[in-house]
**Student:** 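Dumping the structure here so I can ask a few things about it.
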Amino acid sequence: MTLLDDLASLLGDELLIDDDARRSRARDTWPRSEFDQWQARLVLPAAIAMPSTTERVAETVRLCRAHGAPMIPRGAGSGCVGGVLASPDSVVISTEGMSGLRSLDPVDGLASFGAGTMGIDAENRVRQDGFTIGHWPQSIEISSVGGWVATRASGQYSTAYGNIEDIVYSVEAVLPDGSIYRSRPTPRASAGPDLRQLLLGSEGALGIITEVTFSLRPLPEPGVRQAFHFEDMATGIDAVRGVIVPGWLPPVVRLYDAGETRRHFRDHVPKGRCVAIFLHEGPPGHAALEAVAVAELCRAGGGEQADLGAVDHWFEHRNTVPTWTELFEQGLVADTIEVATGWGQLARLYTSVTDAISAVPKVIAATAHSSHAYRSGANLYFTFAAQPSGPEEYQSVYDACWTAAMQAATGCGAGISHHHGIGRVRRTWMADELGDAGVGVLRAVKAALDPDNLMNPGVLVPD
């Protein structure tokens, strides 16, 4: 029997082979893939498997392995670095069929969801019981909870609530040989290396996440919003550091350079200034106390109070972004690149990367903001836009921008990805991130778990 015959026998109507289903699940939102689809060059997989249980995922994996077929794990497809890209002989294994609340424990503050549950649905469900997950990626309405784990995601409230690795309590996954791994649901363990970390950020190369349990927080009281503007990014960075290092942790801390401030907040902030916006929330009394302390620190750091409308505007539009195709149709190529480093190198990183991208021919804008802050550093989230002469230059200009940004970032000692992951677009620079020894470890783990390289081949692990 052929692979499709075997899959049809196993999955029934959970196997999709029509063109529309295969086309809509053949990629994520990586600009290069979207460009290929815009140019009618997108490659479709052989089939889409949508198993409804972990056990069916395991059987699907074993069948694909027996037939030597590449497997492409896929959640909601909101990733933007080429983590999902089908080949003609591949089977996309979608987690769409595994969604919804599995259990909620109000005493321990735990909620388990099928990996295909959309982020906003999971958040809205726990709110019914007075909790929040606290994970608010820009993609919350179009991303799945399993995808959050697989890409080691970060949310807009991370400064107080942590990133996905701080919120996940336990995971269930199918490994490349079809075996099922379940981490023990305990608050902490000293039982050797934490095997969950092999799955967090594994991007489907080491397994398929099928269920996620979150450690929840009680819903906070209504928050306090405020904003301050600064002379330049270096001054703003120092001011934000002055807030975070003493221990204040507003869930939202975002600092925009002058270009992005003008683009997003022109009605609320004087031209040429850099704006920092804050949201304070927590248990009763905490938000008001923190807001006063942060305001004093920002003023001491050279900040001036900004129109509160800047924060309101951000909340209203924070998840609104154009599609890459909309930009292609306007003759533009664009993308975002997020990296991270320590406080001492952050201002240098900002200048180095924006200068490097700006020097690429056809680039018309290179700007940045910081959206996640930590005791010992922060991230920078760069945006570039270029105007090639025509579609024949789109990919070369796009690649040149990424190369310039990555070379500048690694030259400053920055990490090559803060929260979007590696996929295909960053693989070239994994040796800079991990070093030769680290790359060797990653390859050894991949070879041990997936010796035939069938599980999402082409992502994460350098050639």
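Numbering of residues begins at 1 and proceeds along the displayed sequence.
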**Student:** For the residue pair Phe328 and Phe35, does the interplanar ring angle fall in the parallel (under 30°), tilted (30 to 60°) or perpendicular (over 60°) class?
**Tutor:** perpendicular
**Student:** For a ring pair (Phe, Tyr, Trp, His ring centres under 6.0 Å) with Tyr256, tell me which candidate from His313, His268, His229, His369 qualifies.
**Tutor:** His369
**Student:** What is the minimum heavy-atom distance between Arg427 and Gly458, and which atoms define it?
**Tutor:**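 Looks like NE-O, 3.0 Å.
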**Student:** Determine whether a donor-acceptor pair (N or O, by modelled atom type, separation under 3.5 Å) exists between the side chain of Glu34 and the backbone of Trp30.
**Tutor:** no
**Student:** Working to the nearest 0.5 angstrom, can you tell me the gap between Asp194 CG and Leu198 CG?
**Tutor:**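 Between atom CG of Asp194 and atom CG of Leu198 there are 8.5 Å.
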**Student:** Taking the six-membered ring of Trp343 as reference, does the NZ or CZ atom of Arg375 fall below 6.0 Å from its centre and within a 45° cone about the axis?
**Tutor:** no
**Student:** Using only heavy-atom distances, determine whether the side chains of Gln37 and Arg23 contain a donor-acceptor pair under 3.5 Å.
**Tutor:** no
**Student:** Would you find more than 12 non-hydrogen atoms of other residues, nucleotides or ligands less than 6.0 Å from Arg241 atom CZ?
**Tutor:**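 No.
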**Student:** Treating Arg22 as the side-chain partner and Leu44 as the backbone partner, does any N or O pair qualify as donor plus acceptor under 3.5 Å?
**Tutor:**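 No; judged by distance alone, with no hydrogens or angles, the pair does not exist.
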**Student:** Main chain of Ala173, side chain of Glu211: is a donor-acceptor contact present, judged purely on distance under 3.5 Å?
**Tutor:** no
**Student:** Going by the angle between their ring planes, with limits at 30° and 60°, are Tyr374 and His418 parallel, tilted or perpendicular?
**Tutor:**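 Taking His418 first and then Tyr374, their aromatic rings sit tilted (interplane angle of 30° to 60°).
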**Student:** Under 3.5 Å, is there a donor-acceptor pair between the side chain of Asp335 and the main chain of Tyr398?
**Tutor:**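 Not a single qualifying donor-acceptor pair exists.
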**Student:** Under 3.5 Å, is there a donor-acceptor pair between the side chain of Thr117 and the main chain of Phe113?
**Tutor:**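 Judged by distance alone, no pair lies under 3.5 Å.
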**Student:** Please confirm whether the ring centroid of His419 lies under 6.0 Å from the ring centroid of Tyr381.
**Tutor:**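 Judged by ring-centre distance (under 6.0 Å), His419 and Tyr381 do meet the cut-off.
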**Student:** What distance separates Glu172 CD from Arg102 CZ, expressed to the nearest 0.5 Å?
**Tutor:** 7.0 Å
**Student:** Could you tell me whether the side chain of Thr95 and the main chain of Met98 form a donor-acceptor pair under 3.5 Å?
**Tutor:**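 Pair absent, no side-chain N/O of Thr95 close to backbone of Met98.
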**Student:** Assess the pair Trp314 and His264: is the distance between their ring centroids shorter than 6.0 Å?
**Tutor:**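 They do not qualify: ring centres at least 6.0 Å apart.
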**Student:** Measure the OG1-CZ distance between Thr159 and Phe278 for me, rounded to the nearest 0.5 Å.
**Tutor:**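 That separation rounds to 9.5 Å.
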**Student:** I'd like to know if the side chain of Ser143 and the backbone of Ser139 have a donor-acceptor N/O pair within less than 3.5 Å.
**Tutor:** yes
**Student:** Treating Glu290 as the side-chain partner and Ala287 as the backbone partner, does any N or O pair qualify as donor plus acceptor under 3.5 Å?
**Tutor:**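 Not at all, since once roles are kept as given, no pair shorter than 3.5 Å links the two residues.
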**Student:** Mind listing the closest non-hydrogen atom pair of Leu216 and Leu110 along with its distance?
**Tutor:** CD1-C, 4.0 Å
